[in-house]
Amino acid sequence: MKEQPILEVRDLTRRFGLRTAVRDVGFELWPGEVLGIVGESGSGKTTLLNCVGGRLPADDGTVLYRTAAGPAVDMLALAEAKRRRLLRTEWGFVHQNPRDGLRLDVSAGGNVGERLMALGHRHYGNLRQAAIDWLAQVEIDTARVDDAPRAFSGGMQQRLQIARNLVTHPRVVLMDEPTGGLDVSVQARLLDLLRRLVRETGVSAVIVTHDLGVARLLADRLLVMKGGEVVEGGLTDRLLDDPHHPYTQLLVSSALSV
Ligand SMILES: Nc1ncnc2c1ncn2[C@@H]1O[C@H](COP(=O)(O)OP(=O)(O)OP(=O)(O)O)[C@@H](O)[C@H]1O
């Protein structure tokens, strides 16, 4: 059977009052692909991601998702309960600030295990073992399994948020500046980890970042946004080595000069 995109976004538009934050944006995400969305601050990246991930209503457009069961559904037109169930069982969302994606007063193990519980897993020993396995995967000392993430460093919290998202084996993960707000050395380690995990799990991912270095390391393909619109898209190496649109040329040359 011919491979089909797992996600097809078409003509997505979102306005805030008179300002159009995202205008007629479309893209496809293929199975196992990492798509990076880059652009300067205010270009609409986060708004786009939030609309695709059901965190913000869109004014227009479709988000066609090919479900694990087979049929494609428009996530924006689904009944709320169905949409929530799919988001919980087949999607993940990694926030820039791990505090937005974790329960800070619940133990690290609980943060990972409760996602499995939400899918109906009940066996305590298995939940705990899965949590321990995932802490190890994201390089958190498993002796910290009972500690609350409030006491973790920013890098550890972010790795825990990633474990919490991946433990359920989602098919699509959306990430908003996953390495933003971290020290450069912590960022580098997290980037290596993310790169390994997306390869090993084969998850399809959309990653919003303003950092072209992050985009180059993680993304197979890039979309460049400016003023709410996509101005250029293409394979990461081609796009960064030979940008066609003047705005992309500016982004690339200013990233090289810092
Ligand atoms: N809740 C909101 N209310 C009003 N305007 C908003 C809101 N959220 C975003 N905007 C506007 O929409 C536009 C796109 O913002 P968005 O946050 O999506 O950009 P971004 O590319 O993600 O930027 P950043 O990297 O700084 O987060 C901006 O002009 C912003 O001011």
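Remember, it's 1-based here, ligands and their atoms both numbered in the order they're listed. Both backbone and side-chain heavy atoms feed into the values below; hydrogens, waters and symmetry mates do not.
Remark: Asn50 engages Thr46, Arg55, Leu56, Phe93 in a side-chain contact (heavy atoms from CB on, under 4.5 Å) (not counting sequence neighbours). Residues passing the side-chain hydrogen bond (donor to acceptor under 3.5 Å, both in side chains) test with Thr13 are Asp24, sequence neighbours excluded. Listed by chain and residue number, nothing satisfies the side-chain hydrogen bond (donor to acceptor under 3.5 Å, both in side chains) test with Asn97 (two or more places apart in sequence, or in another chain).
Remark: Arg128 is not positioned above the aromatic ring of Tyr124, lacking an NZ or CZ atom under 6.0 angstrom from the ring centre and at most 45 degrees off the axis.
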Using a cut-off of under 3.5 Å, which N/O atoms of ligand 1 pair up with protein N/O atoms, and what distance separates each pair?
from: ligand 1; atom 1: 18 (O); to: Thr47; atom 2: N; distance (Å): 2.9
from: ligand 1; atom 1: 18 (O); to: Thr47; atom 2: OG1; distance (Å): 2.5
from: ligand 1; atom 1: 19 (O); to: Gly44; atom 2: N; distance (Å): 3.1
from: ligand 1; atom 1: 21 (O); to: Gly42; atom 2: N; distance (Å): 3.4
from: ligand 1; atom 1: 21 (O); to: Ser43; atom 2: N; distance (Å): 3.0
from: ligand 1; atom 1: 21 (O); to: Ser43; atom 2: OG; distance (Å): 3.2
from: ligand 1; atom 1: 21 (O); to: Gly44; atom 2: N; distance (Å): 3.0
from: ligand 1; atom 1: 21 (O); to: Lys45; atom 2: N; distance (Å): 3.1
from: ligand 1; atom 1: 21 (O); to: Lys45; atom 2: NZ; distance (Å): 2.9
from: ligand 1; atom 1: 22 (O); to: Thr46; atom 2: N; distance (Å): 2.8
from: ligand 1; atom 1: 22 (O); to: Thr46; atom 2: OG1; distance (Å): 2.8
from: ligand 1; atom 1: 23 (O); to: Gly42; atom 2: N; distance (Å): 2.7
from: ligand 1; atom 1: 25 (O); to: Lys45; atom 2: NZ; distance (Å): 3.2
from: ligand 1; atom 1: 26 (O); to: Ser41; atom 2: OG; distance (Å): 2.5

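Arg23 CZ: 12 or fewer foreign heavy atoms inside a 6.0 Å radius. By the 6.0 Å contact criterion, CZ on Arg196 is enclosed, its count of non-hydrogen atoms from other residues, nucleotides or ligands being greater than 12.
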